[in-house]
Amino acid sequence: MSNIVRRSLLVHHSTIHLRFHSNLTPSSPNSNKLFVGGLSWAVDEKSLKDAFSSYGEVTEVRIMYDKDSGRSRGFGFINFSKGDDAKTAKEAMDGKALLGRPLRISFALEKVRGGPVVVPRISGVGDVTRLNN
DNA sequence: GTTGAGCGTT
């Protein structure tokens with residue numbers, strides 16, 4: 001009888017270990033940067049800074065605007081001087097409404113340009129003999 | 001004139 005050809009999945013899963021920041025749930029006040037979402041399209045940096053500067057010293061407030069329309073994308077970033085204040089502001093303003101729209105605050109992911117980019121080193125794939133050494 | 005979850009440039 002015909003034998004069911006077993007799919008030889010001997011390809012393992014390679015040894016690609018994608019290491020993220022090992023923190024998929026940024027609930028740690030280790031970062032002083034807060035991600036603010038759910039912002040109204042009428043909210044500006046001044047309003048945010050004015051609303052968050054009351055909980056701590058805001059050193060940086062950045063709202064992402066669209067390059068086509070020039071309207072705010074509805075999210076921004078707030079940089080506090082202390083992570084503790086950021087956590088306080090987060091726990092304090094998260095869920096609250098600003099300009100008629102509820103805010104969604106969470107710790108921002110450190111997007112660093114030219115940061116520690118983890119290069120997946122593929123090993124055991126073909127006869128790749130040290131192409132990257 | 002609109003829309004509605006998300007993660008950004010100097």
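Chain letters run A, B, ... following the sequence lines, proteins first and then strands; every chain starts at 1. Here the structure is a predicted model, which is why all the values come from computation and not from measurement.
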Round to a whole Å and report the spacing from [atom1] of [X] to [atom2] of [N].
| X | N | atom1 | atom2 | result |
| --- | --- | --- | --- | --- |
| N32(A) | dC7(B) | CG | P | 21 Å |
| R101(A) | dT3(B) | CZ | C1' | 10 Å |
| L103(A) | dG6(B) | CG | C1' | 14 Å |
| M64(A) | dG8(B) | CE | C1' | 4 Å |
| Y65(A) | dG6(B) | OH | P | 22 Å |
| I105(A) | dA5(B) | CD1 | C1' | 16 Å |
| N79(A) | dG8(B) | CG | C1' | 12 Å |
| F75(A) | dG8(B) | CZ | C1' | 6 Å |

Measuring to OP1 and OP2 of dG6(B), would you say a side-chain N or O of R104(A) lies under 4.0 angstrom away? yes
Using heavy atoms to find the nearest nucleotide of DNA chain B for V36(A) and R71(A) separately, return the residue whose nucleotide is more 5′. R71(A)
Which residue lies more 5' along DNA chain B, comparing S72(A) with R62(A) via nearest heavy atoms: S72(A)
Please determine whether the number of non-hydrogen atoms from other residues, nucleotides or ligands lying under 6.0 Å from atom CZ of R101(A) exceeds 12. no
NA contact type, [X], heavy-atom cut-off 4.0 Å: base, sugar-phosphate, or nothing?
| X | result |
| --- | --- |
| G76(A) | nothing |
| L39(A) | base |
| S40(A) | base |

Determine, answering yes or no, if W41(A) is stacked on dT2(B) under the 5.5 Å centre rule and the 30° plane rule. no
Is there aromatic stacking of F77(A) on dG8(B) here, judged by a ring-centre distance under 5.5 Å and a plane angle under 30°? yes
K67(A) side chain, from C-beta outward: closest of dC7(B), dT2(B), dT9(B): dT9(B)
Nearest-nucleotide pick for R73(A), side chain only, options being dG6(B), dG4(B), dT2(B): dG6(B)
Shortest non-hydrogen contact between A92(A) and Y55(A), atoms and distance: CB-CE2, 3.4 Å
Taking all heavy atoms of F75(A) and all of I63(A), pick out the closest pair and write down the distance. O-CG2, 3.7 Å
If I take atom CZ from residue F35(A) and atom CD1 from residue I78(A), how far apart are they, to the nearest 0.5 angstrom? 11.0 Å
Could I get the full list of side-chain hydrogen bond (donor to acceptor under 3.5 Å, both in side chains) partners for D44(A), not counting sequence neighbours? S47(A)
